[in-house]
Amino acid sequence: MPELPEVEHLRRHLESWIQGARIKDVQLGRKDVLDWRGSPGSRKSDRDQALLAESQVRRLDRHGKQMAIETRDGRILCVHLGMSGRIEIAKPSEERPAHTHCCWNLQAGRRRFQMRFIDPRRFGGLWTFNSRERLLSDRWGALGPDAASIDPDLMSERLKGRSKGLKSSLLDQAVVAGLGNIYVDEALFRSRLHPKQPAGSLKRVEIERLTESVVGILHLAIKQGGSTIHTWADLSGHPGGFSTQHQVYGRAGEMCITCGQTLSTALVAQRTTVWCSKCQRLRIRKRWEN
DNA sequence: AGGATAGCCTGCGGGC
DNA sequence: TGCCCGCAGGCTATCC
């Protein structure tokens, strides 16, 4: 499932393919994967324009788990992969995989190729905007700072005053953008913090440990091409290489790699959560602390 | 207010 | 072998 590292890996790889390329036309299959209220017009030709038909790709951007393709004339296509979404580059003649919802025909120099948005479960989607400002005001503005580049001061500010647990706070994209179930569990284990520890109760040194874990793990995962559970594969179909390094995720009932304790599991914030009850103690805030 | 719950959706794996 | 059911999870809407 694509979290921040998978999306960043995709962004870099895809950018090498499509930066500077011309988008000739677009074919939208399922209309309900698209929200184009951020672009003017109501006709089909307006919709295709919103989907970047007849444009040239300037750059690719990312915030949290979302990616944006920006054209030279300022149009924006925001892609959110959700649970099962992926982007694929293929020859136009190549058979389309099941659940291919949108295809763009591109040309770079003499080379013609197709970019495809595929998403079986359709938790992902496409959003269009007629300017970067509208992307920021209408969509990305609601997100917290990007988790890959957060620092302890910012982390502290984001968690300050929150009574909710760390797990549910870190999963909340409005608090910090980019973390999903896997990396939250991994980061909490590495920083030895309990998933239910109230987010606002952390001491400075714990904030620093947490930040270092979050940023460190994300960059490690980016370097290795993302995590793999079931369905994740990059543009060329290579699975991510990070899954073997999960220390707690998917290891409920197995031994903690640090202390040998059997790893605990429970539903926390409505997500399957795995942690070590010995290494990650729930610390009740004492009355005389502040 | 904010926490819990349901719903969206398909693929897959365990159990029978 | 084959079928059925439960689970996986990001995000939103709704309820309490």
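Only heavy atoms go into these numbers, but all of them, side chains included; no hydrogens, no water, no symmetry mates. Source: prediction; values computed, not measured. In what follows, chains are A, B, ... by sequence order, proteins preceding strands, each numbered from 1.
- In terms of phosphate contacts, A:Ser168 brings no side-chain nitrogen or oxygen within less than 4.0 Å of OP1 or OP2 of B:dG3.
- A:Gln66 places no side-chain N or O within 3.5 Å of a backbone atom of A:Cys78 that could act as its donor or acceptor partner.
- Between A:Arg43 and A:Asp46 there is a salt bridge, since at least one side-chain N of the basic residue sits less than 4.0 Å from a carboxylate O of the acidic one.
- The CD1 atom of A:Ile118 sits 15 Å away from the C1' atom of B:dG11 (whole-angstrom rounding).
- With A:Asp185 as the partner, the salt bridge (Lys or Arg N to Asp or Glu O under 4.0 Å) test is satisfied by one option alone out of A:Arg190, A:Lys167, A:Arg271: A:Lys167.
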Legend entry - A:Arg283/A:Glu206 under salt bridge (charged side-chain N to carboxylate O under 4.0 Å, His left out): CA gap, chis, key distance, verdict: CA-CA 12 Å; A:Arg283 189 168 50 74; A:Glu206 293 172 324; 2.6 Å; yes
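- Checked against the 6.0 Å centroid criterion, the rings of A:Phe117 and A:Trp104 do not qualify as a close aromatic pair.
- Where A:Arg271 and A:Ser163 meet DNA chain B, the nucleotide closest to each residue was compared, and A:Ser163 sits on the side nearer the 5' end.
- DNA chain C is contacted by no residue of residues 133-144 of chain A, taking any non-hydrogen atom closer than 4.0 Å.
- For the OP1/OP2 pair of C:dG10 and a distance below 4.0 Å, the side-chain nitrogens and oxygens of A:His80 include no atom meeting the criterion.
- Between the side chain of A:Arg132 and the main chain of A:Leu136, no donor-acceptor pair closer than 3.5 Å is present.
- For B:dC9, neither phosphate oxygen OP1 nor OP2 lies less than 4.0 angstrom from any side-chain nitrogen or oxygen of A:His99.
- Here A:Gln173 lies in heavy-atom contact (under 4.0 Å) with sugar-phosphate atoms only.
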